[in-house]
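Only this structure's heavy atoms are used, side chains among them; waters, hydrogens and symmetry mates stay out.
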Amino acid sequence: MIRIWGLEYYKLRRKKIGVMLLAFLSVEMLWAFLSISRSIAKNPDHAVWEALIFNISSMNGLFLPILSAIIVSRICDMEHKGATWKMLAATNVSRNRLYAAKYVCAVSLLLAGLLVQMTLMAGFGMLKDFPEPLPAGLLIRFLGGSILPVLAVTALQQWLSLAVKNQAFALCLGMLGGLAGMTAGLFPAAVRHALLWSYFLDLSPVLYQFGASSGAYSIQTQNAGLTAAALVMTVLFYIAGSVHASRQEI
């Protein structure tokens, strides 16, 4: 199985996915840091880790669905264009294992991006001299709250990318997901929880409470129901995609 994973990474060596991943993250983090810097300039009380984590979680709802769609499409599109999916299926390796290797490859790239994101967040907080020490626990919860929706979104994107040769459909789904994730906070909870892409914000360890005059950031406990929902959707989308890929005519 390790050789199959290695083959997926090898096939990506000329796709420049790493460059694209860093470019996306650079735009997101630059946008976030400029926004937070302006907020701190207006109100020094916003120079806290909670504000940084909440803002990045909100922006992940826009950027990560699109980034997931692009990465998965690049991984799957080369099988459609080169007709290599048929050659791979003709080997002794089952389609389920090939499907799993692609999924692990995509998720690992997104996880690497999130780790880089956490490192930049820590550096920004120390550069701005946040009064509190680095909150390792909150950052770990931020990572967990970000990777859970990534697992589900990636499973859905891979299913569509392998099922439909035209990758425009998968990319459109990613952009619609980014729109849903960006506007998630505007929907009522009942509607928001039905949207997979809103979980980037819902699973954030930090919330923003709107008050009469000014809002405040607060730390929320881990929502077991939403965590379970994200895991269930991941399993359902992955199994559905894997079964479809194993039975699909090629």
Side-chain angles (χ1 to χ4, degrees), residues 21 24-25 27-29 31-32 50 52-73 75 100 102-118 120-121 137-161 170-208 219-242:
L21 178 64
F24 253 79
L25 289 177
V27 172
E28 179 187 4
M29 300 307 288
W31 183 4
E50 288 83 355
L52 178 62
I53 292 173
F54 176 81
N55 278 275
I56 299 298
S57 297
S58 300
M59 291 190 176
N60 278 348
L62 169 63
F63 283 90
L64 288 185
I66 299 175
L67 189 56
S68 174
I70 293 174
I71 289 177
V72 172
S73 293
I75 291 174
K102 292 184 179 298
Y103 182 74
V104 170
C105 179
V107 169
S108 64
L109 290 171
L110 290 165
L111 176 59
L114 286 172
L115 293 174
V116 171
Q117 190 177 67
M118 285 178 58
L120 293 174
M121 291 167 64
L138 274 183
L139 288 177
I140 291 175
R141 287 185 57 195
F142 162 80
L143 178 62
S146 299
I147 198 62
L148 280 174
V150 162
L151 293 174
V153 168
T154 303
L156 177 59
Q157 289 290 159
Q158 182 166 321
W159 181 11
L160 182 60
S161 290
L171 294 174
C172 284
L173 177 62
M175 289 186 286
L176 290 174
L179 177 63
M182 181 180 64
T183 60
L186 303 177
F187 295 103
V191 177
R192 190 170 65 248
H193 294 166
L195 298 173
L196 167 61
W197 304 274
S198 70
Y199 283 42
F200 289 101
L201 182 61
D202 286 334
L203 291 177
S204 170
V206 179
L207 289 177
Y208 187 75
I219 299 174
Q220 67 171 339
T221 57
Q222 187 70 26
N223 192 315
L226 293 180
T227 300
L231 290 173
V232 168
M233 284 189 284
T234 300
V235 173
L236 290 178
F237 289 144
Y238 180 84
I239 292 177
S242 181

* Please walk me through it: do L160 and L156 pass side-chain contact (heavy atoms from CB on, under 4.5 Å)? -> CA-CA 6 Å; L160 182 60; L156 177 59; 5.8 Å; no

[X] side chain near [Y] side chain, heavy-atom distance below 4.5 Å:
| X | Y | answer |
| --- | --- | --- |
| Q117 | N60 | yes |
| V27 | F63 | yes |
| S68 | L110 | yes |
| L64 | P149 | no |
| L148 | Y199 | no |

* **Backbone N/O of S73 and side chain of Q157: donor-acceptor pair under 3.5 Å** =>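 No; judged by distance alone, with no hydrogens or angles, the pair does not exist.
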
* Asked: Does any N or O in the side chain of Q158 come within less than 3.5 Å of the main-chain N or O of Y103, such that one atom is a donor and the other an acceptor?
  ->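 Checked: pair present.
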
Work out which heavy atom in [X] is nearest to a heavy atom in [Y]; give both atom names and the distance.
| X | Y | answer |
| --- | --- | --- |
| L196 | A152 | CD1-CB, 3.5 Å |
| S198 | A184 | CB-CB, 3.4 Å |
| G177 | W197 | O-CB, 3.3 Å |
| G174 | I66 | O-CG1, 3.6 Å |
| C105 | I75 | SG-CD1, 4.0 Å |

* Kindly indicate, with the supporting measurements, whether the criterion side-chain contact (heavy atoms from CB on, under 4.5 Å) is fulfilled by I71 and T154. => CA-CA 9 Å; I71 289 177; T154 303; over 6 Å; no

* To do: Return the orientation label for the W159 and F237 ring planes: parallel under 30°, perpendicular over 60°, tilted otherwise.
  =>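 Answer is tilted, since the angle falls between 30° and 60°.
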
Rounded distance (nearest 0.5 Å) linking atom [atom1] of [X] with atom [atom2] of [Y]:
| X | Y | atom1 | atom2 | result |
| --- | --- | --- | --- | --- |
| R141 | I219 | CZ | CD1 | 7.5 Å |
| L203 | I147 | CG | CD1 | 12.0 Å |
| L143 | I140 | CG | CD1 | 8.0 Å |
| I239 | T234 | CD1 | OG1 | 10.5 Å |
| L201 | L195 | CG | CG | 12.0 Å |
| L109 | L21 | CG | CG | 7.0 Å |

* Asked: M29 and M121: side-chain contact (heavy atoms from CB on, under 4.5 Å), yes or no, with the steps?
  -> CA-CA 8 Å; M29 300 307 288; M121 291 167 64; 3.7 Å; yes

* To do: May I have the step-by-step check of side-chain contact (heavy atoms from CB on, under 4.5 Å) for L62 and W31, ending in yes or no?
  => CA-CA 12 Å; L62 169 63; W31 183 4; 3.9 Å; yes

* Could I get the full list of side-chain hydrogen bond (donor to acceptor under 3.5 Å, both in side chains) partners for S58, not counting sequence neighbours? =>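 So S58 forms no side-chain hydrogen bond (donor to acceptor under 3.5 Å, both in side chains) with any residue.
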
* Would you list the pairs meeting side-chain hydrogen bond (donor to acceptor under 3.5 Å, both in side chains) in which at least one residue belongs to residues 173-192, sequence neighbours left out? =>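 Non-adjacent pairs meeting side-chain hydrogen bond (donor to acceptor under 3.5 Å, both in side chains): R192-D202.
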
